[in-house]
Asks: 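Quick one: the structure is below, and I'll ask about it shortly.
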Amino acid sequence: MVIQRMLDKGLNPDVVTYLMLICGHCQNGNVKEGLKLQEEMLSRGFQLSTLSYSVLLSSLCKIGQVHEALVLFYEMENHGVEPDHITYSILIHGLCKQGEVQSALLLYKEMWSKSIPPNSYSSGAILLSLCKNGMVSEARMYLDSLVMNDCAHDIVLYNIMIDGYVKHGNLEEAVVLYRLITEKGITPTTVTFNSLIYGFCKRRNFTEARRLMETIRLLGLEPTAVTYTTLMNAYCKDGNLRCMLELLQEMHANGIRPTHVTYTVIIKGLCKQRKLQEAVQLLEDMRIKGLNPDQVTYNTIIQCFCKARNIKTAFKLLNEMWLNNLKPTPVTYSILINGLCVYGNLKDANKLLIYLHEQNIKLTRVGYTQIIKAHCVKGDVHCAFMFFHLMMEMGFEISIKDYTAVINRLCKRCLMTEAQQFFSIMLFHGISPDQEICEALLDAYQQCGDIISGYQMLALTVKAGLLPRR
DNA sequence: CGACCCAGAT
């Protein structure tokens, strides 16, 4: 429209005018309009630039249309525009965010072959994506290849790797890598220590965690709110509220401002001490201080109220989330379902789950397994069946563990016909029985006095190549 | 530019 007006007035829009308009549209989230303008430039014979492509590519990635971005990327070369390291890093980043590490790696190789120097930003994205997807050893191989090519001087890369190790329970390897980088003369950051501290906290090694916090200072670095929050959370989990609050004091004394995460941890601590009113008060304080509670904060406090059998307040807090423009997460609903199953009324849990299903609101798989479990325990196999079906319909991967959980509970109540039914469904879905599930059924048939079916089961077990131990 | 802390768990 602006272009048309300019033309009407006899003005000639140039490349810069177009670029600015494309930027503007993209910033407003209107990538379509940006793409249209680019088309228009082409038809008017303008030379397109790498920059305008980068803007469009990053906007497409931002709204999750990575594949469209890839198409546009390959168009670039046809129009005689050479991609640079920025273009590549945008795409690599976008692909990694979508979990498509393999495609990202291909682009990375392409970059190498064109002798475009990769920046640590794209390497970091790949490394992070590999770690988050559980491919820790692949991540390490990738990091080693960077080291070999002398491309790994950035501490952030090591931080990602160290954290990857820690998150997958391999604290030993994380410590080894930490020692390696210090030997190499690469200076760690507080983030490096935060990951290590997290690892030691997970193992409840508070001594080592605190020693590392000292090391931060010895190296002339400062602990951050993350450092404190990590430790505070560990103490909270350990039931050591005194140490948690002491750390809060220390934080204050050192002039480190708590974040909304810190507050969430404190709220959890207060709930543990059954100081629910104070917890609610703290939620208020957060808002006053401008530290807005997030979904996790609410999920935490909602769960606390559920455990205190105060379901009413739990739902009140759910409502408060909406009022504060916080969309409840699938976890929020799972917590409430669990609360109703364990501490409230199972019928209400049914109602809530069906309501959410009708509203097309997503639930976690835990939400489903929770209610299935509750019905099995109560012996309402009909309901258990129904929700099991629903869980399948929702596209959740059903593993042998899910079947085992249900069958075990039914066996305990000698509901053998029903247990057998679930077993048949499992076989029907192509899941092979394992030792555990066969033994559970065999034992149950014996316990419940159905010897004949027991023999049938035994035959099936042997046929499956699983020898019953005895 | 980014990496680290809080909720759900059979």
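Naming: A, B, ... by sequence-line order, numbering from 1 per chain.
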Asks: Within 45 degrees of the axis of the six-membered ring of Tyr333(A) and under 6.0 Å from its centre: does Lys362(A) put its NZ or CZ there?
Replies: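 The answer is no; the distance or angle limit is not met.
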Asks: Quick check on the 6.0 Å ring-centre criterion: do Phe305(A) and Tyr343(A) meet it?
Replies: no
Asks: Under a 4.0 Å heavy-atom cut-off, which of residues 199-231 of chain A touch DNA chain B?
Replies: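 Output list: Val226(A), Thr229(A), Thr230(A).
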Asks: Looking at the rings of Tyr88(A) and Phe73(A), which for Trp means the six-membered one, are their centres under 6.0 Å apart?
Replies: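 That pair passes the under 6.0 Å test.
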Asks: From the options Phe428(A), Phe385(A), Tyr403(A), select the one residue that forms a ring-ring contact (aromatic ring centres under 6.0 Å, His included) with Phe422(A).
Replies: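 Testing Phe422(A) for a ring-ring contact (aromatic ring centres under 6.0 Å, His included) against Phe428(A), Phe385(A), Tyr403(A) leaves exactly one candidate, Phe385(A).
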Asks: Got a sec: does the NE2 of His389(A) have more than 12 other heavy atoms crowding it under 6.0 Å?
Replies: no
Asks: With sugar-phosphate meaning primed atoms plus P, OP1 and OP2, does Asp163(A) contact a base, only sugar-phosphate, or nothing at under 4.0 Å between heavy atoms?
Replies: sugar-phosphate
Asks: When you measure from every atom of DNA chain B, which of residues 358-380 of chain A have a heavy atom less than 4.0 Å away?
Replies: Thr364(A), Val366(A), Gln370(A)
Asks: Can you sort out which residues in residues 295-334 of chain A have a heavy atom within less than 4.0 Å of DNA chain B? Ascending by number, please.
Replies: Val296(A), Asn299(A), Thr300(A), Gln303(A), Thr329(A), Val331(A)
Asks: Which part of the nucleic acid does Ser89(A) contact within heavy-atom distance under 4.0 Å: base, sugar-phosphate only, or nothing?
Replies: nothing
Asks: Grab the two heavy atoms, one from Glu82(A) and one from Thr50(A), that are nearest each other, plus how far apart they are.
Replies: O-OG1, 3.1 Å
Asks: At 4.0 Å (heavy atoms only), tell me whether Tyr198(A) reaches a base, stays on the sugar-phosphate, or touches nothing.
Replies: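 Contact class for Tyr198(A): sugar-phosphate only.
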Asks: Would you please name every residue forming a ring pair (Phe, Tyr, Trp, His ring centres under 6.0 Å) with Phe387(A), sequence neighbours left out?
Replies: His375(A)
Asks: Looking at every heavy atom in both Ser54(A) and Thr87(A), which two are closest together, and how far apart are they?
Replies: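 Heavy atoms only, the tightest pair is OG-OG1, 3.9 Å.
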Asks: So where does chain A start and stop touching DNA chain B, 5' to 3', when the test is distance under 4.0 Å to a non-hydrogen atom?
Replies: dC1(B) to dT10(B)
Asks: With heavy atoms under 4.0 Å as the rule, sort Lys132(A) into base, sugar-phosphate or nothing.
Replies: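 The residue Lys132(A) makes sugar-phosphate contact but no base contact.
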Asks: So if I take residues 153-160 of chain A and measure heavy-atom distances to DNA chain B, which residues fall below 4.0 Å?
Replies: Asp154(A), Val156(A), Asn159(A), Ile160(A)
